[in-house]
Amino acid sequence: QVQLVESGGGLVQAGDSLRLSCAASGRTFTTYAMGWFRQAPGKERDLVAAISWGGGRIYYADSVKGRFTISRDNAKNMVYLQMNSLKPEDTAVYYCAARPWDYSTTWNSYEYWGQGTQVTVSS
């Protein structure tokens, strides 16, 4: 069992930065790949970035490559998403999710989800 709690969202202007954090509970956190998804109103939930259990494999959606960085600290049971050069189209609810071992790009393959944190980028 893994419980996930996101934090760090907010209202920012275009070009600003935010760092999202995801705190995980559970002794098996280190065996889970972690993903950051986002969902805007009326749109599907899309994978933004993901990292394998040991951090050796990382994925970024094309729309965020070069701007977002995912990282994890297994000693602290934390996953982060550093978001730079934010754009209005990054506005969405951001979710942290976990699945065993390696990441997947499909949202329904993730077993555990956080409650989400709102990110709003004004132009």
Side-chain angles (χ1 to χ4, degrees):
Q1 187 81 9
V2 177
Q3 293 182 326
L4 305 172
V5 179
E6 304 97 334
S7 62
L11 172 63
V12 297
Q13 293 186 331
D16 286 350
S17 297
L18 275 177
R19 188 175 85 153
L20 304 184
S21 298
C22 175
S25 63
R27 295 176 296 173
T28 59
F29 171 75
T30 56
T31 65
Y32 281 82
M34 302 299 297
W36 283 100
F37 289 78
R38 68 185 180 188
Q39 187 167 23
K43 295 189 176 181
E44 295 185 350
R45 187 171 297 191
D46 293 324
L47 181 63
V48 173
I51 187 167
S52 62
W53 68 277
R57 283 180 16 97
I58 290 177
Y59 167 89
Y60 294 105
D62 287 343
S63 59
V64 305
K65 280 181 182 177
R67 300 189 298 123
F68 290 13
T69 303
I70 188 171
S71 60
R72 67 187 296 160
D73 185 339
N74 284 348
K76 296 181 178 180
N77 281 14
M78 296 291 295
V79 180
Y80 307 99
L81 185 68
Q82 177 66 43
M83 306 186 295
N84 298 330
S85 302
L86 283 162
K87 304 176 181 180
E89 51 263 44
D90 295 319
T91 295
V93 177
Y94 284 71
Y95 298 90
C96 176
R99 70 185 302 274
W101 301 115
D102 204 0
Y103 67 77
S104 169
T105 59
T106 55
W107 69 267
N108 57 7
S109 71
Y110 286 74
E111 295 184 13
Y112 302 104
W113 291 84
Q115 82 287 351
T117 185
Q118 177 70 46
V119 172
T120 303
V121 185
S122 63
S123 57

Which pairs with one or both residues in residues 112-123 pass salt bridge (Lys or Arg N to Asp or Glu O under 4.0 Å), sequence neighbours excluded?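 Counting only pairs at least two positions apart or across chains, no salt bridge (Lys or Arg N to Asp or Glu O under 4.0 Å) contact touches residues 112-123.
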
Filter on salt bridge (Lys or Arg N to Asp or Glu O under 4.0 Å), then keep only pairs touching residues 102-123, sequence neighbours left out; what's left?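 Listed by first then second residue: R57-D102.
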
ring-ring contact (aromatic ring centres under 6.0 Å, His included) against W107, all qualifying residues, sequence neighbours excluded: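 Per chain and number, W107 pairs via ring-ring contact (aromatic ring centres under 6.0 Å, His included) with no residue.
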
Which pair of heavy atoms, one from [X] and one from [Y], lies closest together, and at what distance?
{"X": "N77", "Y": "N74", "result": "OD1-O, 3.2 Å"}
{"X": "T105", "Y": "L47", "result": "CA-CD2, 3.6 Å"}
{"X": "A92", "Y": "R38", "result": "CB-CB, 3.8 Å"}
{"X": "W53", "Y": "T30", "result": "CE3-O, 3.2 Å"}
{"X": "Q118", "Y": "V93", "result": "OE1-CG2, 3.2 Å"}
{"X": "T69", "Y": "Y60", "result": "CA-OH, 3.3 Å"}

Could you walk me through whether Y59 and I70 satisfy the side chain to side chain contact (heavy atoms under 4.5 Å, CB included) test, starting with their C-alpha distance in whole Å, then the side-chain angles of each, then the deciding distance to 0.1 Å, before giving a yes or no? CA-CA 9 Å; Y59 167 89; I70 188 171; over 6 Å; no

Flag the pair Y103 / Y110 as yes when their ring centroid distance falls below 6.0 Å, and as no otherwise.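 Ring centroids of Y103 and Y110 are no less than 6.0 Å from each other.
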
W113-F37 aromatic ring centre distance below 6.0 Å: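 Ring centroids of W113 and F37 are less than 6.0 Å from each other.
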
Hey, can you tell me if Y32 and Y112 have their rings parallel, tilted or perpendicular (30° and 60° cut-offs)?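 Rings of Y32 and Y112: perpendicular, as their planes differ by over 60°.
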
Taking L20 as the starting point, is it possible to reach L4 by hopping between hydrophobic residues whose side chains are less than 4.5 Å apart?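 L4 clusters together with L20.
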
Do M34 and I58 belong together in a cluster built from hydrophobic side chains that touch within less than 4.5 Å?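 Same cluster: M34 reaches I58 through Ile, Leu, Val, Met, Phe, Trp or Tyr contacts under 4.5 Å.
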
Within this structure, what is the [atom1]-[atom2] distance for the pair [X] and [Y], rounded to the nearest 0.5 Å?
{"X": "Y95", "Y": "W36", "atom1": "OH", "atom2": "CH2", "value": "12.0 Å"}
{"X": "T120", "Y": "D90", "atom1": "OG1", "atom2": "CG", "value": "11.0 Å"}
{"X": "F29", "Y": "M78", "atom1": "CZ", "atom2": "CE", "value": "8.5 Å"}
{"X": "S122", "Y": "D16", "atom1": "OG", "atom2": "CG", "value": "8.0 Å"}

For side chain to side chain contact (heavy atoms under 4.5 Å, CB included), just list the numbers for Q115 and V5, CA-CA rounded to whole Å, side-chain angles, deciding distance to a tenth of an Å, and then say yes or no. CA-CA 7 Å; Q115 82 287 351; V5 179; 4.2 Å; yes

Please name all residues satisfying side chain to side chain donor-acceptor pair (under 3.5 Å) with S17, sequence neighbours left out, ordered by chain then number.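 For S17, the residues satisfying side chain to side chain donor-acceptor pair (under 3.5 Å) (neighbours in sequence not counted) are N84.
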
Quick one: list whatever passes side chain to side chain donor-acceptor pair (under 3.5 Å) with T28, sequence neighbours left out.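 For T28 there are no side chain to side chain donor-acceptor pair (under 3.5 Å) partners, ignoring immediate neighbours.
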
Flag, side chain of S104 to backbone of T106, donor-acceptor distance under 3.5 Å: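 It does hold such a pair.
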
Please say whether more than 12 non-hydrogen atoms of neighbouring residues, nucleotides or ligands are located less than 6.0 Å from CD in E44.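 No, CD of E44 has 12 or fewer neighbouring heavy atoms, counting only those of other groups under 6.0 Å.
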
Is there a side-chain hydrogen bond (donor to acceptor under 3.5 Å, both in side chains) between S109 and R99 once you walk through the steps? CA-CA 7 Å; S109 71; R99 70 185 302 274; 3.2 Å; yes

Please tell me if the side chains of M83 and V119 come closer than 4.5 Å, counting only heavy atoms from C-beta onward.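 Yes - at least one pair of side-chain heavy atoms lies under 4.5 Å apart.
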
Do the numbers put R72 on top of the ring of Y80, so that NZ or CZ is under 6.0 Å from the six-membered ring centre and no more than 45° off the axis?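 Verdict for Y80: no cation-pi partner in R72.
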
Should K65 and D62 be marked as a salt bridge (Lys or Arg N to Asp or Glu O under 4.0 Å) after you check the CA-CA gap, both sets of side-chain angles, and the distance that decides it? CA-CA 5 Å; K65 280 181 182 177; D62 287 343; 3.1 Å; yes

Under 3.5 Å, is there a donor-acceptor pair linking the side chains of T91 and E89?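 Absent: no donor and acceptor within the cut-off.
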
Residues which pass side-chain contact (heavy atoms from CB on, under 4.5 Å) with S25, listed by chain and number, not counting sequence neighbours: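 Listed in chain order: Q3.
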
